There are 2 protein chains.
Amino acid sequence: MGDAQPGLWTRSRQRVYAEITAVAMELFLTNGFEQTTIDEIVVAAGISRRSFFRYFGTKEDVVLGHFIADGAVIRDQLEQRPDGEGPWTALRGAIFALDEGADDERLLAVSRMMYQTPSLRARSIEKHLHWYDDLVPEVQRRLGGQADSALQARAIVGCIITCLDIAGEAWSVDDGVEPLRNYFDAALDAIRRPLETPAGPSAAPDA
Amino acid sequence: MGDAQPGLWTRSRQRVYAEITAVAMELFLTNGFEQTTIDEIVVAAGISRRSFFRYFGTKEDVVLGHFIADGAVIRDQLEQRPDGEGPWTALRGAIFALDEGADDERLLAVSRMMYQTPSLRARSIEKHLHWYDDLVPEVQRRLGGQADSALQARAIVGCIITCLDIAGEAWSVDDGVEPLRNYFDAALDAIRRPLETPAGPSAAPDA
DNA sequence: GCCAAGGTGGCACTTAGTGCCAGACTGGCA
DNA sequence: TGCCAGTCTGGCACTAAGTGCCACCTTGGC
């Protein structure tokens with residue numbers, strides 16, 4: 001708080017949130033996530049340590065905060081999908097809609113950091129677990145009340161998320177040479193491909 | 001260290017490891033994982049706090065330590081599978097082999113705790129990430145050098161792990177009324193099922 | 001101008017995890 | 001038997017994350 005700050009306090013909560021995020025992300029990108037301490041963020045942002053934890057539960061949440069609400073976004077997109085679409089197609093479409101209008105440059109930087117930092121990766125996957133609650137009911141509905149549909153829906157949602165995760169990793173490792181959706185489709189294709197291995201002459205069937 | 005302990009120090013490292021695990025697990029199961037502090041474990045086990053961290057990197061590792069090596073075990077099983085089997089069948093068989101000889105009672109207790117404790121769940125998933133390194137090469141080999149086979153192999157391994165995770169959760173929620181492998185097969189079946197939804201008359205195709 | 005509500009900073013505290021050092025035990029060797 | 005190096009141990013101090021508590025200030029309504 002050494003500079004002239006006519007009132008970081010008086011700004012709206014949302015503005016403070018954005019400012020802390022911006023300052024912290026710059027530090028993370030410059031010095032690395034684990035190397036950056038909350039005290040450093042706090043000093044750079046001109047707030048107290050105590051206030052930081054009023055905005056973010058953990059240091060990881062500064063990076064992943066944006067993605068928390070993504071589950072609800074995907075759910076909304078999913079529900080708008082035509083009834084004729086099966087769960088896989090609908091889920092794929094809903095996730096593609098999420099991809100629209102994303103800041104690739106920033107997403108790439110965040111992804112790189114995430115896939116290189118174990119605690120961030122773990123926390124990210126933990127956030128993904130909340131997506132189940134958002135997505136499973138609708139997927140279950142599209143499954144049409146089969147037996148075990150709850151388990152089936154969870155498996156489908158889980159694998160979609162896993163494919164998105166895998167795709168994101170490959171995308172960031174490749175520095176985003178191809179659009180993220182291509183990686184996602186490739187991963188999805190590998191999963192949903194029929195039982196026979198298509199490559200090679202007279203390949204052995206996978207069952 | 002108030003009791004008569006003729007030398008916990010002199011026992012072999014493995015024995016100490018097992019003893020700490022046993023004592024800690026009892027405390028975890030009794031009082032809950034998060035409620036149990038490392039200081040309590042240390043006192044109950046008759047060792048110093050410093051020594052605890054020479055055996056376990058984190059508190060979570062006490063619970064998950066057994067599963068760390070599972071990736072290598074699955075890999076060994078996977079490599080022994082006949083070449084004719086495709087990646088899915090081979091992976092399924094390898095994981096079933098892991099399931100053999102497991103202490104269901106204990107596994108159930110650990111699973112329940114894990115799925116109820118966020119930090120444990122997160123750490124568990126983090127451990128699963130290491131399985132990729134063990135399993136992807138062999139899966140990639142069975143894929144037969146297709147284009148993008150690295151991404152495909154990662155997607156397949158990831159979804160297998162996800163199905164195992166989902167199955168484990170359902171299994172523990174159901175208190176293990178059915179064997180774990182049944183849940184696993186049900187999850188796998190939901191993923192690998194053909195594009196058409198088989199249930200219901202004239203169901204809409206999923207594509 | 002008063003008063004309640006909410007944001008803020010500071011302080012003390014708990015807990016996890018690490019670095020460092022000195023002491024005790026081990027096994028090998030002269 | 002005695003020495004010596006390697007290893008394990010406990011204790012201490014330290015960092016860093018995260019929480020509870022309280023006093024202060026600012027804001028908005030009356």
Side-chain angles (χ1 to χ4, degrees), chain A residues 1-21 23-24 27-28 31-65 117-124 126-127, chain B residues 1-21 23-24 27-28 31-65 117-124 126-127:
Chain A
M1 308 205 312
D3 287 353
Q5 283 165 347
L8 188 61
W9 321 321
T10 66
R11 300 173 205 172
S12 77
R13 187 168 178 84
Q14 209 166 356
R15 176 142 187 81
V16 177
Y17 182 95
E19 184 139 349
I20 299 176
T21 300
V23 169
L27 286 173
F28 290 156
N31 307 326
F33 179 80
E34 290 175 318
Q35 283 67 41
T36 305
T37 178
I38 292 181
D39 284 329
E40 292 172 336
I41 299 171
V42 156
V43 170
I47 58 169
S48 76
R49 175 183 172 71
R50 195 64 191 83
S51 282
F52 174 88
F53 284 109
R54 288 198 180 93
Y55 286 91
F56 302 96
T58 68
K59 197 171 75 169
E60 285 77 19
D61 287 353
V62 180
V63 179
L64 303 172
T117 311
S119 73
L120 265 180
R121 183 84 187 267
R123 188 83 180 172
S124 163
E126 205 183 334
K127 299 277 180 206
Chain B
M1 310 203 308
D3 287 354
Q5 280 163 350
L8 188 62
W9 320 322
T10 67
R11 300 170 204 172
S12 77
R13 186 168 179 84
Q14 208 166 356
R15 176 141 188 83
V16 177
Y17 182 95
E19 185 139 347
I20 298 176
T21 301
V23 169
L27 286 172
F28 290 156
N31 307 326
F33 179 80
E34 288 174 321
Q35 283 66 41
T36 304
T37 178
I38 292 182
D39 283 330
E40 293 172 336
I41 300 171
V42 155
V43 170
I47 58 168
S48 75
R49 177 183 172 69
R50 196 62 192 82
S51 281
F52 174 89
F53 284 110
R54 288 197 181 94
Y55 286 91
F56 303 96
T58 69
K59 196 170 77 169
E60 286 76 19
D61 287 354
V62 179
V63 180
L64 303 173
T117 309
S119 73
L120 263 182
R121 184 87 188 265
R123 187 82 180 174
S124 162
E126 208 182 331
K127 299 278 179 203

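Sequence lines set the chain letters: A, B, ... in the order given, protein chains first and strands last, and positions in each chain run from 1. Note that the structure is a prediction, hence the values are computed from the model and not measured.
With hydrogens and angles disregarded, no donor-acceptor distance shorter than 3.5 Å links the side chain of B:T37 to the backbone of B:E40. Counting only distance, with no hydrogens or angles, the side chain of A:S124 and the backbone of A:L120 share no donor-acceptor pair below 3.5 Å.
If you take CD1 of A:I20 and C1' of C:dT8, they are 12 Å apart, rounded to a whole angstrom. Rounding to whole angstrom units, CG of residue A:D61 and C1' of D:dG18 are separated by 12 Å. The CD-P distance, from A:E60 to D:dA17, rounds to 9 Å in whole Å. Distance CG (A:D39) to P (C:dG9): 14 Å, rounded to an integer number of Å. Counting to the nearest Å, the P atom of C:dT15 and the CZ atom of B:F56 are 20 Å from each other. We find that CZ of B:F33 is positioned 9 Å from P of C:dA16, with the value rounded to whole Å. As a whole-Å value, the separation of B:F53 CZ from D:dG11 P is 15 Å. Atom-to-atom, CZ of A:R54 to C1' of D:dC21 comes out at 10 Å; the value is rounded to the nearest Å.
Here the OG-CD distance, from B:S119 to B:E60, works out to 4.0 Å after rounding to the nearest 0.5 Å.
Mapped onto DNA chain D by nearest heavy atom, A:F52 and B:F52 fall at different nucleotides, with B:F52 at the one closer to the 5' end.
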Walk me through whether A:Y17 and A:R13 qualify under side-chain contact (heavy atoms from CB on, under 4.5 Å). CA-CA 6 Å; A:Y17 182 95; A:R13 187 168 178 84; 5.7 Å; no

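Between B:S48 and D:dT9, a side-chain N or O to OP1/OP2 separation shorter than 4.0 Å is absent. Between B:T37 and C:dA16 there is a side-chain N or O to OP1 or OP2 distance below 4.0 Å. Contact annotation: B:Y55 side-chain N/O to D:dT9 OP1/OP2 distance is under 4.0 Å.
Between B:A44 and B:V23 the shortest heavy-atom distance is CB-CG1, 3.4 Å.
Contact of A:R49 with D:dA16 (side chain to base): no donor-acceptor pair of N or O atoms is detected under 3.5 Å.
With D:dG18, C:dC20, C:dT8 as the candidates, the nucleotide lying closest to the side chain of B:R50 is C:dC20. Side-chain proximity of B:S51 to D:dG18, D:dT9, C:dG17: nearest is D:dT9.
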